[in-house]
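From a predicted model like this one, the values you see are computed outputs, not experimental measurements.
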Amino acid sequence: MKPLIINIQKCSIHDGPGIRTTVFFKGCPLSCAWCHNPESQNFQVDFMYDPEKCTHCYTCIEKCEHDAICVKDGKLLRLEDECELCGTCLDWCLSGSRELVGDEYSITELVKEIEKDSMFYEESGGGVTLSGGEVMCQNIEYLDKLINRLHDKDIDIAIDTCGYAPKENFEKLYPKVDRFLYDIKLVDEDLHKKFTGKSNDLILDNLKYLDSVGANINIRIPLIEGVNVDEDNKEIEKIIKLLKPLRISAVNLLPYHNIMEHKYCKLDKEYRCSEFKKPSTEKLEEIKNLFLINNFNNVKIGG
């Protein structure tokens, strides 16, 4: 079974070194309260509707063969039990307010798309980054074949991962992966469960495994007031203590932002991030300095 892909982002400069092509896979076992890509959480195709674009011509209602669209209180509603995600309404939507998220690519198709930017990789020291969703929870045979094809073409490969995936998947893929962009959100297990829906035991075990086999690990830490940033830096200090014994090549501190709010509306999902805030510039510098004085020399604010 082919995994679903939601986006192939060209000329990315925030997902590893150089100019990169970032492939976003669909499906993630975590449900982070601050998730910037909520359309990537579900492993199945999702429907998105933008009411601000909709002109209310109601052609979609007329053309839907399953009677899966209705009007209630002046709003267009999709009836999930009736909708078969066939895409007919998209074909007739002149405003582009309706879309299905998630496409299948054969390995050959995906490699061909990635190779279009090979000249940028060579000039900049870039490559391809497999992101998500969660890459390491996708069809492992598909990923193995894809990575083998890219590796044979001398394309630099990075995997952006939350770490919550079977250890055997890391064992299978790590020898041909040039770097892991590894997310660490929280060390406190209860807080991790509260904000992501899962324990962090597996995440921390996989991190230590990658370190033990000499993988190139670039840690990425989302910084969110109300989650892992407070006046006393308690959770940050726990993260530093966790990472100090490990061979970490770089640390990226990623300030929270809320530009994804409109995506929740389009997915008709509850937006749970209203209480979260981006740390101040002074706070970000304070946290960066904490890493520097603990001998993390390659520390950067931002991707």
Side-chain angles (χ1 to χ4, degrees), residues 5-26 28 32 34-40 101 103 105 109-136 138 143 146-147 149-151 153-163 173-174 176-185 210 215-224 243 248-263 278-281 283-285 287-289 291-292 296-303:
I5 291 170
I6 61 173
N7 189 23
I8 301 175
Q9 183 175 310
K10 304 298 186 75
C11 296
S12 175
I13 57 172
H14 299 296
D15 298 315
I19 297 173
R20 310 188 71 82
T21 297
T22 304
V23 181
F24 292 89
F25 288 80
K26 196 172 190 315
C28 182
C32 300
W34 58 86
C35 181
H36 289 169
N37 294 308
E39 75 279 19
S40 72
V101 182
D103 294 303
Y105 283 76
E109 289 171 334
L110 188 52
V111 171
K112 184 177 180 180
E113 193 66 30
I114 289 168
E115 280 192 296
K116 291 178 181 178
D117 294 330
S118 58
M119 69 173 68
F120 296 113
Y121 311 151
E122 294 166 6
E123 293 292 328
S124 69
V128 63
T129 298
L130 307 180
S131 187
E134 178 46 54
V135 179
M136 298 300 295
Q138 306 296 331
L143 289 176
L146 171 63
I147 287 173
R149 291 275 294 274
L150 298 174
H151 185 76
K153 294 176 182 293
D154 292 323
I155 295 176
D156 183 278
I157 303 164
I159 287 184
D160 184 0
T161 178
C162 73
L173 299 184
Y174 91 84
K176 295 186 178 74
V177 175
D178 294 283
R179 71 201 77 249
F180 286 89
L181 311 180
Y182 206 100
D183 292 355
I184 293 294
K185 303 167 177 67
L210 288 177
N216 183 2
I217 305 171
N218 181 168
I219 294 293
R220 292 155 69 92
I221 306 170
L223 295 179
I224 310 163
L243 298 178
I248 304 301
S249 61
V251 176
N252 287 91
L253 306 174
L254 309 177
Y256 167 77
H257 63 75
N258 64 353
I259 61 174
M260 72 298 187
E261 183 175 356
H262 70 287
K263 291 184 178 181
K278 174 184 175 181
S280 67
T281 301
K283 191 64 174 179
L284 292 172
E285 289 295 334
I287 292 172
K288 178 181 177 181
N289 286 332
F291 278 90
L292 291 174
F296 292 89
N297 298 318
N298 189 2
V299 184
K300 179 182 177 183
I301 297 174

Give a yes or no on this: more than 12 heavy atoms of other residues, nucleotides or ligands lie within 6.0 Å of atom [atom1] of [X].
{"X": "K112", "atom1": "NZ", "answer": "no"}
{"X": "K283", "atom1": "NZ", "answer": "yes"}
{"X": "L292", "atom1": "CG", "answer": "yes"}

Side chain of [X], backbone of [Y]: donor and acceptor closer than 3.5 Å?
{"X": "K185", "Y": "P222", "result": "no"}
{"X": "H257", "Y": "H36", "result": "no"}
{"X": "S249", "Y": "I217", "result": "yes"}
{"X": "N218", "Y": "F180", "result": "no"}
{"X": "R220", "Y": "Y182", "result": "no"}
{"X": "E134", "Y": "C162", "result": "yes"}
{"X": "Q9", "Y": "R20", "result": "no"}

Of all the heavy-atom pairs spanning [X] and [Y], show the shortest one and how long it is.
{"X": "E113", "Y": "K10", "value": "OE2-NZ, 3.3 Å"}
{"X": "V299", "Y": "K288", "value": "O-CE, 3.5 Å"}
{"X": "G303", "Y": "N252", "value": "O-ND2, 2.8 Å"}
{"X": "L223", "Y": "I287", "value": "CD1-CD1, 4.0 Å"}
{"X": "P279", "Y": "I224", "value": "CG-N, 4.4 Å"}
{"X": "P255", "Y": "G302", "value": "CD-N, 4.2 Å"}

Please round to the nearest 0.5 Å and tell me the distance separating atom [atom1] of [X] and atom [atom2] of [Y].
{"X": "I157", "Y": "L150", "atom1": "CD1", "atom2": "CG", "result": "5.0 Å"}
{"X": "C35", "Y": "K263", "atom1": "SG", "atom2": "NZ", "result": "8.0 Å"}
{"X": "L210", "Y": "T161", "atom1": "CG", "atom2": "OG1", "result": "8.5 Å"}
{"X": "K26", "Y": "D103", "atom1": "NZ", "atom2": "CG", "result": "10.5 Å"}
{"X": "F25", "Y": "I6", "atom1": "CZ", "atom2": "CD1", "result": "10.5 Å"}

Quick one: does [X]'s side chain get under 4.5 Å of [Y]'s, heavy atoms only?
{"X": "D117", "Y": "I19", "value": "no"}
{"X": "D15", "Y": "S131", "value": "no"}
{"X": "V23", "Y": "L146", "value": "no"}
{"X": "E285", "Y": "L253", "value": "no"}
{"X": "Y121", "Y": "K153", "value": "no"}
{"X": "D178", "Y": "N216", "value": "no"}
{"X": "S118", "Y": "I155", "value": "no"}
{"X": "L173", "Y": "M136", "value": "yes"}

Query raised in the report: Strictly by modelled atom types, are D160 and T129 linked by a side-chain donor-acceptor pair under 3.5 Å?
Result: no
**Report entry** With F291 via ring-ring contact (aromatic ring centres under 6.0 Å, His included) - residues at least two apart
**Finding:** F296
Requested in this report: I would like to know whether L130 and I147 meet side-chain contact (heavy atoms from CB on, under 4.5 Å); could you show each step before the answer?
Outcome: CA-CA 10 Å; L130 307 180; I147 287 173; 4.1 Å; yes
Query raised in the report: Is it true that R179 and D156 make a salt bridge, defined as a side-chain N closer than 4.0 Å to a carboxylate O?
Result: yes
Query raised in the report: Taking only residues two or more places apart in sequence, or in another chain, which ones meet H14 in a side-chain contact (heavy atoms from CB on, under 4.5 Å)?
Result: none
Query - Evaluation steps, side-chain contact (heavy atoms from CB on, under 4.5 Å), between L254 and D183 - result: CA-CA 10 Å; L254 309 177; D183 292 355; 5.5 Å; no
